[in-house]
Amino acid sequence: MDLQECRQELDGIDRQLVELFERRMKICGAVAETKIASGKAVYDAEREKQKLEAVASMSHGDFNRTAVQELFSQIMTISRRLQYRLLAEHGQGVDLGFKKVERLPVDGARIVYQGVEGAYSHGAALQYFGENADMFHVELFEDAMKAVCGGQADFAVLPLENSSAGAVVDMYDLLSRYENYIVAEIFLPVNHALLGTADACEEQIRTVYSHPQALMQSSRYLNAHREWKQVSTENTAVAARKVLEDGDPSQAAVASEIAGKLYGLKVLKSAVQNNQGNTTRFVILSRQQIYRRDAGKISICFELPHRSGTLYNMLGHFIFNHVNMVMIESRPIPGRNWEYRFFVDIEGNLEDPAVENALKGIGAEALNMRILGNY
């Protein structure tokens, strides 16, 4: 057979495959109808395992056996997605546990943030809740999570990722451990300034204090002054407070201008960071499972069976339902070597049938799935 003859024969086989596929999907729709009537679950892992073994045994050769299993695995995945959609169309949606609100209950709320006054978390809290909000600070991210869970605070303001440094990985672990929910997000530009005492000038500086990350993010400016000694501190606001307390005009801090205003320091040089577009994404957390009517982003986390192709199948639920994924992160699961928990952000609202359908599919097929918030 020459190439053209091969292509013609393949075209004929493909037509038959499409006809058989559509016939199979029609029968899958009938299967869904019976499951709707009986209340039986769509996903039957043992049945699918037996089916894959059966079709593999019909093929010849190691390559074909593996390929046939992969092919039928995808066909059955598509079948499940059709069945989930039909269940939703018959009003058998899933209760996701969240309550829709017009606005967040921020009046009279108590706010917790990690760090000290003048830190960037404090700046994010001020930007979202205003200067008159009832705020307090704690030392650790986990302390803030506990304060919300325990009712000492109504909302927590915590950093989740930075446009230059990437994810705050400790926060992802805490989101999976505590029953708090993301209800809003805020993007705060990271504008480092060189702060000194009221009588200081840039030429007098000999020692600069700041958080190691802030020193790194301002390396081009700081390294141009080789005579300056760079000293790491717990955070940028602590550095500003030290300069104030020491009262030494040869000392400076790299911190926010908010910290400078709070501690009465003079801005010796503005915007000393390398990346002028550097931004930190903060999330607002609540113990209430609520979302605003106009919410447009959903965060979830899930764990998967440790088998080839499971992540591909999970993400396929978004593709099938035309849901756009905007972020994915993974974190090791403690005590389970080489297994991971995945964190995903998608566009959408919990009222959207396509989103609900995708989440229902993932919830049924993942080892576990949790909605972290719609905001």
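Because the structure is predicted, anything quoted here is derived from the model rather than measured. Values below: every heavy atom of this structure, side chains too, minus hydrogens, waters and symmetry copies.
- Note on ring orientation: taking the six-membered ring where Trp is involved, the planes of His225 and Trp228 are parallel (angle under 30°, cut-offs 30° and 60°).
- Two residues are said to be in side-chain contact when any heavy atoms from C-beta on lie closer than 4.5 Å; Arg24 and Met76 meet this criterion.
- Sparse packing is recorded around CG of Asn132, with 12 or fewer heavy atoms of other residues, nucleotides or ligands lying under 6.0 Å away.
- Taken from CG in Leu104 to OH in Tyr291, the straight-line distance is 13.0 Å, to the nearest 0.5 Å.
- Considering CG of Leu372 and CD1 of Ile298, their distance stands at 11.0 Å, rounded to 0.5 Å.
- A donor-acceptor pair is defined here as one N or O able to donate and one able to accept, closer than 3.5 Å; such a pair exists between the side chain of Lys35 and the backbone of Val42.
- Using a 4.0 Å cut-off between a side-chain N of Lys or Arg and a carboxylate O of Asp or Glu, Asp44 and Lys51 do not qualify as a salt bridge.
- Val254 and Leu195 fall into different hydrophobic clusters, where Ile, Leu, Val, Met, Phe, Trp and Tyr residues are linked whenever their side-chain heavy atoms come under 4.5 Å apart, directly or through other members.
- Rounded to the nearest 0.5 angstrom, His122 NE2 and Gln127 CD are separated by 12.5 Å.
- Note on Val323 and Leu350: same hydrophobic cluster, where clusters join Ile, Leu, Val, Met, Phe, Trp and Tyr whose side-chain heavy atoms are under 4.5 Å apart, directly or indirectly.
- A side-chain hydrogen bond (donor to acceptor under 3.5 Å, both in side chains) with Tyr84 is found for one member of His317, Glu89, Glu365 and no other, namely Glu365.
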Determine, stepwise, if the pair Asp154 / Arg287 fulfils salt bridge (charged side-chain N to carboxylate O under 4.0 Å, His left out). CA-CA 7 Å; Asp154 299 296; Arg287 62 184 173 277; 3.7 Å; yes
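- Listed by chain and residue number, Asp294 satisfy the side-chain hydrogen bond (donor to acceptor under 3.5 Å, both in side chains) test with Arg292 (two or more places apart in sequence, or in another chain).
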For ring pair (Phe, Tyr, Trp, His ring centres under 6.0 Å), just list the numbers for Tyr181 and Phe98, CA-CA rounded to whole Å, side-chain angles, deciding distance to a tenth of an Å, and then say yes or no. CA-CA 10 Å; Tyr181 301 92; Phe98 283 75; 5.5 Å; yes
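- Residue Phe129 is grouped with residue Leu188 when hydrophobic side chains (ILVMFWY) are merged at heavy-atom distances under 4.5 angstrom, including chains of intermediate members.
- The ring-ring contact (aromatic ring centres under 6.0 Å, His included) with Tyr172 is formed by just one residue from the set Phe343, Phe342, Tyr340; it is Phe343.
- Note that the OG atom of Ser286 and the CG atom of Asn180 stand 7.5 Å from one another [nearest 0.5 Å].
- Using a 4.5 Å heavy-atom cutoff, the side chains of Thr279 and Val190 are not in contact.
- Put simply, CZ on Arg80 and NZ on Lys360 are 13.5 Å apart, with the number rounded to the nearest 0.5 Å.
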Are Glu257 and Ser270 close enough, and set up right, to give a side-chain hydrogen bond (donor to acceptor under 3.5 Å, both in side chains), and what steps lead you there? CA-CA 8 Å; Glu257 293 193 19; Ser270 296; 3.2 Å; yes
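- Look at Arg65 and Asp62 and you find a salt bridge, because one of the NZ, NE, NH1 or NH2 atoms lies within 4.0 Å of a carboxylate O, short of that distance.
- The CD1 atom of Ile78 sits 6.5 Å away from the CE atom of Met25 when rounded to the nearest 0.5 Å.
- Under the side-chain hydrogen bond (donor to acceptor under 3.5 Å, both in side chains) test applied with Gln217, the options His192, Gln273, His211 reduce to a single match, His192.
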